[in-house]
There are 2 protein chains.
Amino acid sequence: MSTNGTEKKWDRRSADTAERMAAAARFIGPGKQFKPEDTVALLEAVIRPGDRVNIEGNNQKQADFLAESLNKVDKSKIHDLHMVQSAVPLPVHLDLFESGIAKKLDFAFGGPQAGRVAEFIRDGKMELGAIHTYLELFSRYFLDLTPKVSLICAYKADKKGNLYTGFNTEDTPTIVEATKFSQGIVIAQVNEIVDELPRVDIPADWIDAVVQSPKPFFIEPLFTRDPALITDSQILLAMLCLKGIYGEYEVKRLNHGIGFLTSAIELMLPTYGAELGLKGKICTHMALNPHPTMIPAIEDGWVQQIHCFGGELGMEKFVAARPDVFFVGPDGSLRSNRAYSQAAGQYACDMFIGGTLQIDKYGNSSTATANRVAGFGGAPNMGSDAHGRRHSTDAWLKCGAEQPTLDRTLGNMPRGKKLVVQGVETFGEGRAPVFVEELDAWKLAKNANLPLPPVMIYADDLTHIVTEEGIAYLNRAPDIEARMAAIRAVAGYTEIGLKADPAETKRLREQRIVMTPEDLGVDRKRADRSMLAARSIQDLVTWSGGLYNPPARFRNW
Amino acid sequence: MSTNGTEKKWDRRSADTAERMAAAARFIGPGKQFKPEDTVALLEAVIRPGDRVNIEGNNQKQADFLAESLNKVDKSKIHDLHMVQSAVPLPVHLDLFESGIAKKLDFAFGGPQAGRVAEFIRDGKMELGAIHTYLELFSRYFLDLTPKVSLICAYKADKKGNLYTGFNTEDTPTIVEATKFSQGIVIAQVNEIVDELPRVDIPADWIDAVVQSPKPFFIEPLFTRDPALITDSQILLAMLCLKGIYGEYEVKRLNHGIGFLTSAIELMLPTYGAELGLKGKICTHMALNPHPTMIPAIEDGWVQQIHCFGGELGMEKFVAARPDVFFVGPDGSLRSNRAYSQAAGQYACDMFIGGTLQIDKYGNSSTATANRVAGFGGAPNMGSDAHGRRHSTDAWLKCGAEQPTLDRTLGNMPRGKKLVVQGVETFGEGRAPVFVEELDAWKLAKNANLPLPPVMIYADDLTHIVTEEGIAYLNRAPDIEARMAAIRAVAGYTEIGLKADPAETKRLREQRIVMTPEDLGVDRKRADRSMLAARSIQDLVTWSGGLYNPPARFRNW
């Protein structure tokens with residue numbers, strides 16, 4: 001009955017993989033092991049021009065040895081690769097495009113290479129697929145961006161090829177599952193090959209070849225903020241957040257974006273949070289990396305459970321000693337998992353709070369600048385209202401019920417809404433105004449030939465803006481005009497803020513759409529570092545009972 | 001520096017687990033095995049009153065032996081359990097509440113037990129936590145609904161306790177990871193214990209105890225639709241969908257809800273789809289169970305890749321013989337995975353199409369009825385606009401660009417939109433009108449004491465309604481009044497439809513907000529079963545070259 005006259009082949013993927021692995025067989029010994037010095041030759045055997053290739057490298061651990069080896073392959077043999085991977089933070093990730101080994105990029109986060117990404121796109125060295133948020137990119141691994149070859153990293157392998165990814169499991173299970181079960185090829189670099197693993201994170205079945213890298217994989221402490229650098233202004237914002245949002249909505253389940261404001265909030269739970277009587281009422285469940293600035297709140301008994309996207313250097317022993325709070329295996333080390341933590345951040349959390357570089361007059365925000373293709377990591381996923389959510393919590397119901405406009409979209413049907421908060425000083429890095437007429441994302445879209453300006457959080461998802469002027473409760477605004485007026489009211493001396501009409505701001509304050517520190521009963525004079533439960537990295541070490549072991553660059557004693 | 005004077009314990013979870021496992025140790029032999037006859041005693045040893053317990057049982061495979069055994073425990077020892085699990089389709093799932101062993105339920109899908117769920121809530125036998133969509137429930141496993149004990153099922157275990165979940169991997173990896181790494185207890189029933197597994201799906205480290213169940217686990221073919229039962233009316237709807245939506249937007253990446261309409265569409269790809277010149281332009285990548293009605297389109301070369309939530313009875317050999325299309329392990333069998341497929345359905349797909357029992361005059365829809373707490377499975381997750389999405393595709397951009405109203409929420413910022421389509425006959429099951437003034441979900445909310453009516457798809461997410469009257473392009477409506485008018489225009493002879501104003505409908509047709517079959521150039525007279533590439537289960541077997549092995553109840557020859 002088939003309309004095809006000829007016999008169709010249905011195992012091209014596996015036959016192709018078998019052929020490549022046959023070519024690589026002479027390098028691979030027992031336990032799937034190969035020698036570091038054969039790495040380039042092995043990659044040349046298993047990779048073909050135009051392949052979709054993943055180099056594991058989110059914003060924490062990096063398969064750096066395999067990335068460097070891929071840079072050394074014969075360009076006449078391997079070129080025009082389509083890189084599909086979480087992040088490109090290392091110079092070697094971009095060198096692949098410089099040399100022509102790679103041609104196209106689909107990713108989520110640029111980090112320090114964001115400027116080079118923009119430059120390469122402009123110069124035609126790189127074709128940009130799209131900028132994603134992590135969970136979205138992982139989703140596409142299973143649908144239309146499945147890697148043919150993945151180069152991953154783990155702490156340890158055993159002699160059968162089982163892997164231990166432990167504290168920094170992160171993206172590995174997702175990458176490996178998408179690659180291996182589409183009959184692709186998975187190659188792992190490990191720090192050590194041992195007789196017995198502390199536990200099995202990835203079964204040997206799922207791995208094709210393992211190399212002990214000449215040095216341990218590169219890893220960065222990206223979520224460590226030194227309490228000594230927190231300013232009084234950030235402390236004021238944190239007070240506003242705690243009283244006007246955390247306390248107001250009694251937010252129990254949430255994610256904190258990276259930054260000094262959220263670190264300040266974390267450090268003020270045992271102080272100002274306790275004074276407000278919020279213990280047990282807020283921050284009981286979090287999707288969060290093991291932030292060192294969470295130590296005092298954890299020790300003080302605020303937190304019931306944290307699920308982690310990844311690890312954080314120096315927090316290994318502290319996490320292992322707090323298995324009631326963290327997800328820890330029978331071996332005693334954390335199992336982080338970015339996919340599940342992003343899902344929890346999207347669907348199980350009632351609030352996302354983070355910062356941004358720019359907010360436009362409508363409330364759209366972005367960290368994109370004209371010449372840097374940075375990406376947003378996980379923020380858009382967690383900083384958006386998950387319309388698929390169907391369970392209720394008090395915070396979510398209250399935020400939704402405050403919206404006066406739902407009848408214009410849903411008729412008489414009620415719905416809750418996620419709290420999506422941006423905390424910013426009106427003038428940010430380099431005294432640049434955060435509130436702008438038009439986002440730089442528009443210029444980037446033009447420069448990088450993107451179909452849409454890269455927005456981190458869209459105006460209809462953003463519910464609250466917190467600045468030193470007060471809080472704009474955007475969810476309470478009856479229409480876009482009121483929302484824009486509320487934004488102007490908290491935009492301080494920026495051009496946007498200078499357009500605020502005092503009479504209108506007064507009305508918004510009466511309607512509780514805008515609340516100043518005075519309206520909220522937050523005493524600006526108290527906003528100083530005495531509010532912090534820990535004022536230095538050393539204080540954090542003390543709080544942890546010596547379990548926190550800060551990376552060298554954070555040690556100044 | 002701690003504010004606690006007393007020493008705090010941080011390993012209560014693992015200490016508690018160790019104590020329970022010590023009590024169970026006498027039942028557990030080498031390879032973590034225990035005897036079927038010891039199951040009740042083992043469960044009594046490891047479960048405590050009030051525990052959060054998961055019984056694996058989505059809408060396909062079921063850990064039925066463990067569920068039955070849990071029903072036999074001593075109620076004076078084990079009671080008031082909080083069940084957190086995907087579905088409760090088996091009578092034994094509800095018997096637990098009847099007897100008082102369980103008290104509270106958090107779930108996603110009720111299936112045939114939906115009536116009893118409603119009854120038990122009314123009678124105070126069950127406290128309902130919330131109705132979730134699958135990915136949302138999985139997310140909460142990692143945040144605030146982590147199971148203490150999970151009772152799972154697999155095809156095979158080896159003598160170390162590694163598991164083979166193969167074709168029906170489904171929810172297992174997610175449940176096990178959430179439970180085991182929170183130091184909970186994972187107990188598996190398997191059909192067989194063997195020396196060597198075809199592959200390892202779940203490492204032995206993650207499992208505490210394994211039992212070979214007296215008979216293989218129960219499993220249902222839920223996604224099989226017999227082509228013989230497809231009606232001419234469904235074929236007309238399918239023609240409208242293919243021409244007016246699939247073709248209009250060139251939708252390549254999508255999910256199909258369960259039902260005869262989507263089965264008709266699948267069976268018309270090689271016929272009407274080909275006639276419209278859509279091969280290669282639509283349905284190339286799908287998040288989908290292995291629907292038997294997809295066989296002709298796959299054989300005809302329409303589909304590049306399918307990722308599956310679960311398996312489907314009878315499709316094992318066909319899937320194994322099509323590894324270029326499906327995710328298949330080195331052993332040759334499917335690796336399904338509900339969490340990843342739901343993520344793909346949400347973030348990587350451009351369209352969700354399904355059916356419903358009711359749509360209100362605003363466009364909110366639900367399958368809830370006054371006396372059945374059914375849940376929605378995965379539909380709300382896939383049938384919602386994922387605001388966290390940041391990559392562009394042509395279909396998504398076009399659907400977004402057609403919205404005339406985005407400026408009222410985002411100002412001048414453009415954004416794409418997912419196509420969310422509901423295809424319904426205006427009078428559905430039992431000739432009940434699908435279009436209604438008010439959803440029965442309101443009555444259920446009252447009866448079951450829910451904080452919100454359980455809506456499957458909210459009006460602001462729904463972009464298209466397809467009925468025998470034509471297509472309402474809701475995304476093109478400038479405001480809620482126009483959207484309501486478009487709904488009336490396709491609502492036929494229902495009470496809602498009878499309120500349509502012919503002059504208004506004419507204007508909507510001119511604006512292409514409503515299009516009739518005639519507007520679309522779809523010839524109603526051609527809507528008959530000759531359009532189907534396969535007209536019976538037997539035809540599907542033929543198309544598959546004998547690889548499809550239909551379950552007995554679908555064999556009528």
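Throughout, a chain's letter reflects where its sequence line sits, starting with A, and its residues are numbered from 1.
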Assess, by modelled atom type and distance only, whether the side chains of [X] and [Y] contain a donor and an acceptor separated by less than 3.5 Å.
X	Y	result
Thr146(B)	Gln305(A)	yes
Asn337(B)	Glu177(A)	yes
His387(A)	Asp385(B)	no

query = Parallel, tilted or perpendicular: which describes the rings of Tyr340(B) and Phe142(A), with under 30° parallel and over 60° perpendicular?
reply = parallel
Quick check on [X] against chain B: is it the side chain, the backbone, both or neither that has a heavy atom closer than 4.5 Å?
X	result
Arg408(A)	backbone
Arg415(A)	both
Ile457(A)	backbone
Glu481(A)	neither
Ala339(A)	side chain
Met456(A)	backbone

Between atom [atom1] of [X] and atom [atom2] of [Y], what is the distance when rounded to the nearest 0.5 Å?
X	Y	atom1	atom2	value
Leu452(B)	Ser392(A)	CG	OG	4.0 Å
Thr409(B)	Tyr362(A)	OG1	OH	11.5 Å
Gln346(B)	Leu135(A)	CD	CG	7.0 Å
Asp331(A)	Phe181(B)	CG	CZ	7.5 Å

Does some side-chain heavy atom of [Y] sit less than 4.5 Å from a side-chain heavy atom of [X]?
X	Y	value
Asn162(B)	Pro203(A)	no
His391(A)	Ile131(B)	no
Ile298(A)	Trp10(B)	yes
Val455(A)	Met413(B)	yes

Which bit of [X] comes within less than 4.5 Å of chain A, counting heavy atoms only: side chain, backbone, both or neither?
X	result
Lys9(B)	backbone
Pro414(B)	both
Phe138(B)	neither
Gln304(B)	neither
Thr174(B)	both
Asn412(B)	both
Met382(B)	neither

ask   = Should Lys252(B) and Asp144(A) count as an ion pair when the cut-off is N to O under 4.0 Å?
value = no
query = Is Arg12(A) paired with Asp324(B) through a side-chain N to carboxylate O contact shorter than 4.0 Å?
reply = yes
For [Y], does its backbone N or O pair with a side-chain atom of [X] as donor and acceptor, under 3.5 Å?
X	Y	value
Arg390(A)	Pro380(B)	no
Asn381(B)	Gly388(A)	no
Asp205(A)	Val200(B)	yes
Arg13(B)	Pro323(A)	yes
Arg335(B)	Ser182(A)	no
Asn364(B)	Leu410(A)	yes

message = Does Arg140(A) qualify as a cation-pi partner of Tyr347(B), given the criterion of NZ or CZ under 6.0 Å from the six-membered ring centre and within 45 degrees of its axis?
response = no
Within 6.0 Å of CG in Asp394(A), more than 12 heavy atoms from elsewhere = no
